[in-house]
Novice: 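Before I ask anything, here is the structure I am working with.
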Amino acid sequence: MSDTLPNTASRPSDASDLPKAWPFEEARKVASHVAERGGDAPALLETGYGPSGLPHIGTFGEVARTTWVRLAYEKLTGRKTRLLAFSDDMDALRKVPGNVPNQEMLAQHLGLPLSRIPDPFGRFESFSAHNNAMLCEFLDRFGFEYEFASATDYYTSGRFDDALRRMLEVHDEVVATIVPTLGAERRATYSPVLPIHPRTGQVMQVPVLGVNPDEATVQWKDPEDGTLYETSVLGGHAKMQWKADWAMRWYALGVDYEMSGKDLIDSVKLSSKICRILGKAPPAGLTYELFLDQNAQKISKSKGNGLSIEEWLHYAPPESLAQYMFNQPTRAKRLFFDVIPRAMDEYLANVDKAGATPDETVLRANPAWFIHGGAIDPALSSPVSFTALLNLASVANAESSETLWKFLRRYDPTLSPETHPYVDRLVGHALVYFKEFVRPAKTFRAPSDAERVALQDLADALRQADPSLSPVEVQDIVFEIGKKHQIQPLRAWFGCLYEVLLGQTEGPRFGIFASLFGLPETVALIEGALARDAIPADRQT
RNA sequence: GAACCGGUAGCUCAGCCGGUAGAGCAUUCGACUUUUAAUCGAAUGGUCGUGGGUUCGAGUCCCACCCGGUUCACCA
């Protein structure tokens, strides 16, 4: 049986001593798959790529998650693993992607394998070589360990030949398995074998008229001119249609584990059946949920909703993204900016917890342990939460890390950029997040006429003040101005400062703020607020 | 038509192998303040979607249903 979906597989009964983390559950599946297939070969884990697109945040998620399964498996069994990053670059270009140059050139090459189409960017020998390079660069950037594999290389070098012969032997059974899943139109022409046209190089989607397993050839007719061809399926003269391709690859390479998104559930089922027909058990795997955007809509690469990996890393270090990916892979999660601070703080909390855990089993259930590849690096942590830094940036109206650091050192004198470089990175990210998300949402109220006069007075006083004044002395100045202008109650004067200058109802003591923020900068802040609200008086809310 | 994932405090969610519900934020009160950031203490707040079943006992397991979301039925 066992077209059961991977993540509905029955719970192991002897899992009590396993670390309570999903990668270990997955590792068990890998272990039983390896045991079943036998042999000494390392466990083979695969991640697959459609070659027409560039790597994205989902790519990161899939590779990161697979890497954690690897780690769990190695710790669990003491055996080795390989991760194969497989690019299906022999796939045909079916439509021209909208986000690349040289659209006309690409349009002329529709139907050819991507590895036979010139690079529209003009940098590599083919379109797929370009995309493959982007993929590898992407994976390298995060330090993933993997072996890259190109479908074109595998096909043309003959590495798939035995499996392709086998595919022809069971051709009819494979067809009989796939055809019922297809719509009426597709049924008529379907073949799991796509011959490469010997003259044009096109990947042909044509009915296969005859199969010759002994010669490893298929017969087909050119739909254009009616020419009959008999084409070898070996050595790159044909490729498999993708569901058959996936199964053939599993079979040929002996893949033990591959996860995939829930959009591929039916494909996994079908490819698993084909893999069994070929004669091997399909790999174990996990079906992960897709990400949703802000409004719980599907993330679409073409629509550009959701969040790109560059955007995420603009606001927080990669560990936070890894933490997000670690959490609940089988649940649909919103992927939007506002999840970043939480993910970051979760990660930081996990590093702390890991440091305090003597129990190895507990440690191995900790996401930070996985994120750090099985060895916690205490340098990648912070005693201050990201949320705290954001609050601080907000109340301090911080423009620069220098300013934020001044406030931060007041908060905790033992911190400095030199001794805590990771905190310094977080400071930089917090500033960006504050400037781009928090501050734009703030509403600055306009001052009343009386407040306006007092604010101007304060600006003048601060401008003339000795820059070496202590925060307390600056506070005295602020206080005196408030009293002088008889703002009642006096606390309303400070409320006015926060609301007009900082766009919030609360804040630090203003003297401390002004000192750390800088007296000239504070003067500029006040005058900016006065100028901003000079004309419209109806914005008061 | 088929499949997947959710439905737990106002919000976002955690609840591992079943044992009388937890966190963060929000709200309220208090401490500290020549003021109201960060900080600390406390309180309020849930018939765990509905109905059955198994059990001494179910948010937790089983079945059915309701609601919400998504995906696949062309390509990959």
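As a basis for the values below, the full set of heavy atoms in this structure was taken, side chains included, without hydrogen atoms, waters or symmetry mates. Chain letters run A, B, ... following the sequence lines, proteins first, then strands; residues in each count from 1.
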Novice: Testing the 3.5 Å rule here: is there a donor-acceptor pair between the side chains of A:Tyr190 and A:Glu185?
Specialist: no
Novice: According to the side-chain hydrogen bond (donor to acceptor under 3.5 Å, both in side chains) rule, which pairs have a member within residues 424-434 of chain A, sequence neighbours left out?
Specialist: A:Trp405-A:Asp424
Novice: Rounded to whole Å, how long is the line connecting atom CZ of A:Phe336 with atom P of B:G69?
Specialist: 19 Å
Novice: Taking side-chain contact (heavy atoms from CB on, under 4.5 Å) as the definition, give me every residue that meets it alongside A:Ala322, ordered by chain and number, with sequence neighbours left out.
Specialist: A:Phe60, A:Trp68, A:Ile371
Novice: Measure the distance from CG on A:Asp263 to C1' on B:A76 and round it to the nearest whole Å.
Specialist: 10 Å
Novice: Side-chain N or O of A:Gln241 versus OP1/OP2 of B:A76: is the shortest distance under 4.0 Å?
Specialist: yes
Novice: Classify the side-chain pair A:Asp245/A:Tyr155 by whether it contains a donor and acceptor separated by less than 3.5 Å.
Specialist: yes
Novice: Checking all strands, does A:Tyr498 fall into the base, sugar-phosphate, or nothing category for heavy-atom contacts under 4.0 angstrom?
Specialist: base
Novice: Less than 4.0 angstrom from a charged side-chain N to a carboxylate O is my criterion; do A:Arg65 and A:Glu26 meet it?
Specialist: no
Novice: Taking only residues two or more places apart in sequence or in another chain, which ones pass side-chain contact (heavy atoms from CB on, under 4.5 Å) with A:Ser32?
Specialist: none
Novice: Determine the interatomic distance between P on B:G46 and the same-named atom on B:U39; round to the nearest Å.
Specialist: 27 Å
Novice: Taking only distance into account, with no hydrogens and no angle test, what donor-acceptor pairs under 3.5 Å do side-chain atoms of residues 348-355 of chain A form with protein atoms, sequence neighbours excluded?
Specialist:
| residue | atom | partner | partner atom | Å |
| --- | --- | --- | --- | --- |
| A:Asn350 | ND2 | A:Gln323 | OE1 | 2.9 |
| A:Asn350 | ND2 | A:Glu346 | O | 3.1 |

Novice: Under the salt bridge (charged side-chain N to carboxylate O under 4.0 Å, His left out) rule, collect the residues that match up with A:Arg94, sequence neighbours excluded.
Specialist: A:Asp91
Novice: Which part of the nucleic acid, if any, lies within contact of A:Asn391, taking any heavy atom under 4.0 Å across all strands shown: a base, the sugar-phosphate backbone alone, or nothing?
Specialist: nothing
Novice: Sequence neighbours excluded, which residues qualify as side-chain contact (heavy atoms from CB on, under 4.5 Å) partners of A:His130?
Specialist: A:Leu54, A:Asp119, A:Phe121, A:Arg123, A:Phe124, A:Met134
Novice: Under 4.0 Å from any atom of RNA chain B, heavy atoms only: list the residues of residues 183-193 of chain A that qualify, in numerical order.
Specialist: A:Gly183, A:Arg186
Novice: What's the closest nucleotide to the side chain of A:Arg94 if the choices are B:U34, B:A76, B:A37?
Specialist: B:A76
Novice: Give me the distance, rounded to whole Å, that separates B:C13 from B:G69 when you measure between the P atoms they each carry.
Specialist: 15 Å
Novice: Reckon A:Asp476 touches a base, only the sugar-phosphate, or nothing at all at heavy-atom distances under 4.0 Å?
Specialist: base
Novice: Please determine, for the side chain of A:Glu289, which listed nucleotide (B:C16, B:C5, B:A76) has the closest atom?
Specialist: B:C5
Novice: Between A:Ile512 and A:Arg509, who's closer to the 5' end of RNA chain B by nearest nucleotide?
Specialist: A:Arg509
Novice: Once pairs are restricted to Watson-Crick or G-U wobble with both distances under 3.5 Å, how does RNA chain B read as a dot-bracket string, [ ] for crossings and | for other-strand pairs?
Specialist: (((((((..((((.....[..)))).(((((.......))))).....(((((..]....))))))))))))....
Novice: What pairs of residues pass the salt bridge (charged side-chain N to carboxylate O under 4.0 Å, His left out) test when at least one of them lies in residues 394-405 of chain A, not counting sequence neighbours?
Specialist: A:Glu399-A:Arg439
Novice: Quickly work out the A:Leu389 CG to B:U39 P distance and round it to whole Å.
Specialist: 11 Å
Novice: For A:Glu360, check salt bridge (charged side-chain N to carboxylate O under 4.0 Å, His left out) against everything at least two apart and list the hits.
Specialist: A:Arg364
Novice: For atom C1', what is the distance between B:U12 and B:G57, given to the nearest Å?
Specialist: 31 Å
Novice: Looking only at atom P, what distance separates B:A14 and B:G24, rounded to whole Å?
Specialist: 16 Å
Novice: How many whole angstroms separate atom CG of A:Asn327 from atom P of B:G24?
Specialist: 18 Å
Novice: Cation-pi check, A:Lys333 to A:Tyr324: give yes when NZ or CZ is under 6.0 Å from the six-membered ring centre and within 45° of the ring axis, no otherwise.
Specialist: yes
Novice: At a cut-off of 3.5 Å, list every protein nitrogen or oxygen paired with a nitrogen or oxygen from nucleotides 6-15 of chain B, distance to 0.1 Å.
Specialist:
| residue | atom | partner | partner atom | Å |
| --- | --- | --- | --- | --- |
| B:C13 | O2' | A:Arg342 | NH2 | 3.1 |
| B:A14 | OP1 | A:Gln328 | NE2 | 2.9 |
| B:A14 | OP2 | A:Arg331 | NH1 | 2.9 |
| B:A14 | OP2 | A:Arg331 | NH2 | 2.9 |

Novice: Which one, B:C4, B:A76, B:C16, comes nearest to the side chain of A:Lys20?
Specialist: B:C16
Novice: Could you state the CG-C1' distance from A:Asp266 to B:U70, rounded to the nearest angstrom?
Specialist: 14 Å
Novice: Among residues two or more places apart or on two chains, list those pairs meeting ring pair (Phe, Tyr, Trp, His ring centres under 6.0 Å) that have a residue in residues 479-505 of chain A.
Specialist: A:Phe479-A:Phe494
Novice: From CG of A:Asn366 over to C1' of B:C16, roughly how many Å is that when rounded to an integer?
Specialist: 15 Å
Novice: With nearest nucleotides of RNA chain B determined for A:Ala332 and A:Phe407 from heavy-atom distances, which residue corresponds to the more 5′ nucleotide?
Specialist: A:Ala332
Novice: So, A:Glu25 and A:Arg28, do they make that salt bridge, N to O below 4.0 Å?
Specialist: no
Novice: Give me the distance, rounded to whole Å, that separates B:A43 from B:A37 when you measure between the C1' atoms they each carry.
Specialist: 23 Å
Novice: Say you pick atom P in B:G49 and the same atom in B:G41; how far apart are they, in whole Å?
Specialist: 32 Å
Novice: Any base atoms under 4.0 Å from A:Leu264, or only sugar-phosphate, or nothing? Heavy atoms, all strands.
Specialist: base
Novice: Could you work out the separation of B:U8 and B:A21 based on their C1' atoms and round it to a whole Å?
Specialist: 9 Å
Novice: What's the OH-P distance between A:Tyr288 and B:C72, to the nearest Å?
Specialist: 13 Å
Novice: Rounded to the Å, how far apart are A:Phe24 CZ and B:C16 C1'?
Specialist: 15 Å
Novice: For nucleotides B:G19 and B:G59, find the distance between their C1' atoms and express it as a whole number of Å.
Specialist: 13 Å
